[in-house]
*Asks:* 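Got a structure here, written out as structure tokens. Questions coming.
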There are 2 protein chains.
Amino acid sequence: MADATIRCMAVSARRGAPLSLEEISSTALRLMDAGGVEGLSMRKLAAELDVNPMSLYHHVESKEALLAQMCATAAERMHMPPDDDTPWQDQLRALATAYHEHAREHPAMWTYVHLHPELIADRRLPVWETLYRVLRLAGVPESELRRTSDVLHAFVTGFIIGEIQGHMPDDPGEIDRNFDTALNLIINGLAGFAS
Amino acid sequence: MADATIRCMAVSARRGAPLSLEEISSTALRLMDAGGVEGLSMRKLAAELDVNPMSLYHHVESKEALLAQMCATAAERMHMPPDDDTPWQDQLRALATAYHEHAREHPAMWTYVHLHPELIADRRLPVWETLYRVLRLAGVPESELRRTSDVLHAFVTGFIIGEIQGHMPDDPGEIDRNFDTALNLIINGLAGFAS
DNA sequence: ACCTGAACACCGTTCAAGT
DNA sequence: ACCTGAACACCGTTCAAGT
């Protein structure tokens, strides 16, 4: 019986269990975290999963589609700070920090997202919901929410990429001071807007 | 005589003249402008120059070195607005606009620079000289010039990449309004700093 | 249903040989 | 001095064949 089931599912000769999309994309993310963008190839991914490269194409349309999938689930799962009734400045700081940390955990994937902004364009994503809420608190008029959030997001990702790709931290305190400078600039700028 | 010269220079069978670094990198830039990052490969570049792919390696150490070369000369040649004694806000606007336009002319190369910030790290480059001058005018203390200029540069490149890679202009006026929002945010932020 | 091997059209690059 | 062809170690992906 078990033999029959296994035979009819055409399980890989090299593996016990069939592939799943979940397994594929989490392994892919691990490869990307470890080896950068060049660390992820369909062939290396297949080797890591102990499977023929072509088997992947039964679960994923293309490498691009796989990357899109990875980014989408990462963006959905991103944990955002809740509305805690503190001043908008503090909430913006918390949001930026959460974003920042997430990006530093998955720098290569983040760089890819930055280069393909359409992958997180969905305004129902937690990041955007949270950012909109904070910007409303800051007094940004409804008609300017879209534009302002786009600009801020571009700033933050620009900063993060610079940090990821740049001369890395001799002094880790230097990172924090850069981050503070960036955030203070934005908060000052927004405050000027609202008033 | 001419024959002898040509023979001893071992000129390509397919071309009249020998390759030059200048010819290589300007052709490479043209390919990149036209076809994005994927538009530039050593093999396509050689084909465009009507030369064997391996000939390129006599003038350039690697593809990476070629890209570095291209970015460096582009950054050196970038034409910056002169000090015209207008308020720093106007001068910053002029600087950002010049940068913006240059990036829109060579979006793929610009994206590459953004991903390899060390390529324009040289503080003697016109961009940095100009930015430092404007930031001094804005009242940024000497000890914060490096940090502030890094952050601003990251913001601006983040914005530009977002614009290049993002949903492109349905309405070209939309671009300008985004750009204004970004710049006003920065100027407001800096003004808060200095005071 | 799912997996596979061979093949195709690409990469960047090394190396020994040509003139 | 400069150019070249063959070769190597990679890519993503198609397609027909296996179970």
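Excluded from the calculations below are hydrogen atoms, water molecules and symmetry mates; all remaining heavy atoms, backbone and side chain alike, are included. Chain letters run A, B, ... following the sequence lines, proteins first and then strands; every chain starts at 1. All figures in this text were calculated on a predicted structure; none of them were measured in a lab.
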*Asks:* Within this structure, what is the CG-to-C1' distance between L66(A) and dT13(D), rounded to whole angstrom?
*Replies:* 14 Å

*Asks:* Among dT4(D), dT14(D), dC3(C), which is the nearest nucleotide to the side chain of M54(A)?
*Replies:* dT14(D)

*Asks:* Just to be sure I understand the rule, does S41(A) reach a base, reach only the sugar-phosphate, or reach nothing, if contact means heavy atoms closer than 4.0 Å?
*Replies:* sugar-phosphate

*Asks:* By the 4.0 Å heavy-atom rule, please label M42(B) as base, sugar-phosphate, or nothing.
*Replies:* sugar-phosphate

*Asks:* Report the residue (H58(B) or E61(B)) whose heavy-atom-nearest nucleotide on DNA chain C is the more 5′ of the two.
*Replies:* E61(B)

*Asks:* Distance check needed: dT13(C) P versus K63(B) NZ, whole Å only.
*Replies:* 8 Å

*Asks:* Applying a 3.5 Å limit to both distances, which nucleotide forms a Watson-Crick or G-U wobble pair with dC11(C)?
*Replies:* none

*Asks:* Taking the six-membered ring for Trp, are H106(B) and H102(B) parallel (under 30°), tilted (30 to 60°) or perpendicular (over 60°)?
*Replies:* perpendicular

*Asks:* Which of these nucleotides, dT13(D), dT4(C), dG5(D), is closest to any side-chain atom of S55(A)?
*Replies:* dT4(C)

*Asks:* Between atom CD in E38(A) and atom C1' in dC11(D), what is the gap in whole Å?
*Replies:* 13 Å

*Asks:* So, does H59(B) get its side chain near the phosphate of dC3(D), meaning an N or O under 4.0 Å from OP1 or OP2?
*Replies:* yes

*Asks:* Would the distance check show the side chain of W128(A) and the main-chain N or O of I120(A) forming a donor-acceptor pair, the cut-off being under 3.5 Å?
*Replies:* yes

*Asks:* F179(B) vs F159(B) aromatic rings, parallel, tilted or perpendicular, using cut-offs 30° and 60°?
*Replies:* tilted

*Asks:* How many whole angstroms separate atom CG of L49(A) from atom C1' of dC3(C)?
*Replies:* 14 Å

*Asks:* Got a donor-acceptor contact below 3.5 angstrom from the N184(B) side chain to the D180(B) backbone?
*Replies:* yes

*Asks:* Would you kindly give the CZ-to-P distance between R43(B) and dA9(D), to the nearest whole Å?
*Replies:* 15 Å

*Asks:* With both distances under 3.5 angstrom, what nucleotide forms a Watson-Crick or G-U wobble pair with dT19(C)?
*Replies:* dA1(D)

*Asks:* Check the distance between dA1(C)'s P and L56(A)'s CG and give it to me in whole angstrom.
*Replies:* 20 Å

*Asks:* For L31(B) and dG12(C), what is the distance between atoms CG and P respectively, to the nearest whole Å?
*Replies:* 11 Å

*Asks:* Starting at atom CD of E23(B), determine the distance to atom P of dC3(D), rounded to an integer number of angstrom.
*Replies:* 10 Å

*Asks:* Knowing that exactly one of L40(B), L45(B), T111(B) qualifies, which makes a side-chain contact (heavy atoms from CB on, under 4.5 Å) with M32(B)?
*Replies:* L40(B)

